[in-house]
Amino acid sequence: MRESLRRRGAILLFTAPFFVLFAAAILAPLGYAVYLSLFSEKSSGLGFGGTETVFVGLGNYLDTVKDSAFTDGFLIILGYCALYIPLMIGGALGLALLLDSGLARLTRLFQLGLFLPHVVPGVIAGLIWLYLYLPGVSPIVDLLGEVNFLGGGHVLGSVVNIALWEWVGYNMIIYFAALQAIPAEVVEAARMDGAGAVRIALGVKLPLIRGAVVTTVLFTIIGSLQLFTEPMVLDNVSDGIVSTWTPNMYAYNEAFGNNDIGQAGAASILLALLAAVASYAVTRWGSRR
């Protein structure tokens, strides 16, 4: 009995810091956002008596769902995911398989070079590429001619390009680490059976790192739903990006542009729920055999 109590006490002692931080950093802000989303600032009388906080229940959620500026942002996210996820996953996998194959020289140097863009903060990365997109300033634009990377027809691809520059190397490191964990005898057995390099990569290595791929797809989808930094940096100079271009930008604009904290809270909670549903769907898909 005493031994069992000691074990439970030890488990509680070692896990308590995690639960305390989780409650303080995740649960408390989430609960406060839910609380704020249930209230709204209403003008009293004819508008001369100031404003008062009024309980509106699910009113902010209904207003948010009905607002086309919010729902249209998901179309942007859908197009972003359709471009970004295949390019990022495919590029990271291709680079990882190339480095793992032994065909590439100076492997460590290439790993460092590909990972370094991820070290650059998102705002700085956006500013770097903003310079490279600006006509009359960028050597790339001067070289390619009259290409408006910040225009309505190209701005989505420009945002995707920034995200690829930031994240391909990071995910490549994850895949490369997973490939390094594959037992050498498995690859050698496939080689002795007559499998070539491409067959080994597609038929042996990729299935064995399925867990790593599913994990990165999950994190990428969640990150895509939260798209904010890159378009926010380009917003002031792009005629293709507006203040409500993505759902996250919509919530930010409601909070700090329109001073409607309740509406911003509702938009944030709806976005969090959608991310939870997407996480569940990807996890179920990844667990299938």
Side-chain angles (χ1 to χ4, degrees), residues 18-81 84 121-123 126 152 155-156 159 163 218-283:
F18 165 78
F19 287 110
V20 170
L21 289 175
F22 180 76
I26 303 296
L27 296 183
L30 187 62
Y32 188 54
V34 172
Y35 171 78
L36 291 176
S37 69
L38 301 177
F39 294 87
S40 182
E41 297 290 331
K42 301 291 185 180
S43 299
S44 59
L46 298 176
F48 300 104
T51 60
E52 58 180 352
T53 302
V54 179
F55 178 79
V56 294
L58 299 179
N60 286 324
Y61 292 90
L62 295 176
D63 291 342
T64 301
V65 172
K66 293 177 182 178
D67 194 341
S68 61
F70 179 73
T71 55
D72 289 349
F74 287 102
L75 298 177
I76 298 295
I77 295 296
L78 186 63
Y80 175 84
C81 289
Y84 173 59
V123 174
V155 69
L156 181 60
V159 173
L218 173 60
F219 290 154
T220 302
I221 291 175
I222 295 175
S224 298
L225 288 173
Q226 298 174 349
L227 181 63
F228 178 81
T229 304
E230 293 83 359
M232 198 68 178
V233 172
L234 302 182
D235 182 21
N236 291 331
V237 294
S238 172
D239 57 6
I241 297 178
V242 295
S243 60
T244 58
W245 199 61
T246 67
N248 236 355
M249 293 177 66
Y250 174 90
Y252 179 88
N253 183 67
E254 287 296 320
F256 302 104
N258 298 331
N259 295 318
D260 193 341
I261 302 298
Q263 190 92 348
S268 301
I269 295 301
L270 289 173
L271 188 59
L273 290 175
L274 182 60
V277 172
S279 301
Y280 176 77
V282 173
T283 303

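Residues: numbered from 1 along the sequence shown.
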| task | Working to the nearest 0.5 Å, report the span between NZ of Lys66 and OH of Tyr61. | result | 15.5 Å
| query | Would you say Asn248's side chain and Gln226's backbone share a donor-acceptor pair under 3.5 angstrom? | reply | yes
| What pairs of residues pass the side chain to side chain donor-acceptor pair (under 3.5 Å) test when at least one of them lies in residues 68-77, not counting sequence neighbours? | none
| task | Quick one: pull up CG in Asn60 and CG in Leu36 and give me the separation to the nearest 0.5 Å. | result | 10.0 Å
| said: Heavy-atom count check: over 12 atoms from other residues, nucleotides or ligands less than 6.0 Å from Tyr32 OH? | reply: no
| task | Can you run down the ring pair (Phe, Tyr, Trp, His ring centres under 6.0 Å) pairs that involve residues 251-270, sequence neighbours left out, and say none if there aren't any? | result | Phe228-Tyr252, Tyr252-Phe256
| remark: Rounding to 0.5 Å, atoms OG1 (Thr246) and CD1 (Ile76) come to a distance of 9.0 Å
| message | Does any part of the side chain of Phe219, heavy atoms only, come nearer than 4.5 Å to the side chain of Val282, both counted from C-beta? | response | no
| query | Taking all non-hydrogen atoms of both residues, which atom of Pro29 and which atom of Ala23 are closest, and how far apart? | reply | CD-O, 4.4 Å
| task | Taking all non-hydrogen atoms of both residues into account, name the closest pair between Ser40 and Val56 and its distance. | result | CB-CG1, 3.9 Å
| message | Run the ring-ring contact (aromatic ring centres under 6.0 Å, His included) test against Phe19 and tell me which residues pass, sequence neighbours left out. | response | none
| field | Which atom of Ala264 lies closest to which atom of Ala251, heavy atoms considered | value | CB-O, 3.3 Å
| Spatial distance of atom CG (Asn259) from atom CD1 (Ile261) [nearest 0.5 Å] | 7.0 Å
| field | Atom pair OH/CZ of Tyr80 and Phe74 - distance to nearest 0.5 Å | value | 15.0 Å
| Neighbour count >12 (heavy atoms, 6.0 Å) for atom CZ, Phe39 | yes
| Got a donor-acceptor contact below 3.5 angstrom from the Trp245 side chain to the Gly240 backbone? | yes
| Glu254 side chain near Thr64 side chain, heavy-atom distance below 4.5 Å | no
| request: Mind running side-chain contact (heavy atoms from CB on, under 4.5 Å) on Tyr250 and Leu271 for me, showing each step along the way? | output: CA-CA 11 Å; Tyr250 174 90; Leu271 188 59; over 6 Å; no
| field | Spacing of Ser224 atom OG and Ile77 atom CD1 [to the nearest 0.5 Å] | value | 7.0 Å
| note | Shortest non-hydrogen pair, Leu234 vs Gly126, comes out as CD2-O, 4.3 Å
| message | Please determine whether side-chain contact (heavy atoms from CB on, under 4.5 Å) holds for the pair Leu30 and Ile269, giving the CA-CA distance in whole Å, both sets of side-chain angles, and the decisive distance to 0.1 Å. | response | CA-CA 8 Å; Leu30 187 62; Ile269 295 301; 3.7 Å; yes
| Is the shortest heavy-atom distance from the side chain of Thr244 to the side chain of Phe70 under 4.5 Å? | no
| message | Within the 4.5 Å heavy-atom criterion, are Cys81 and Ile221 side-chain neighbours or not? | response | no
| field | Residue pair Leu227 / Val159, side-chain heavy-atom distance below 4.5 Å | value | yes
| query | Parallel, tilted or perpendicular: which fits the ring planes of Phe22 and Phe18, with parallel below 30° and perpendicular above 60°? | reply | parallel
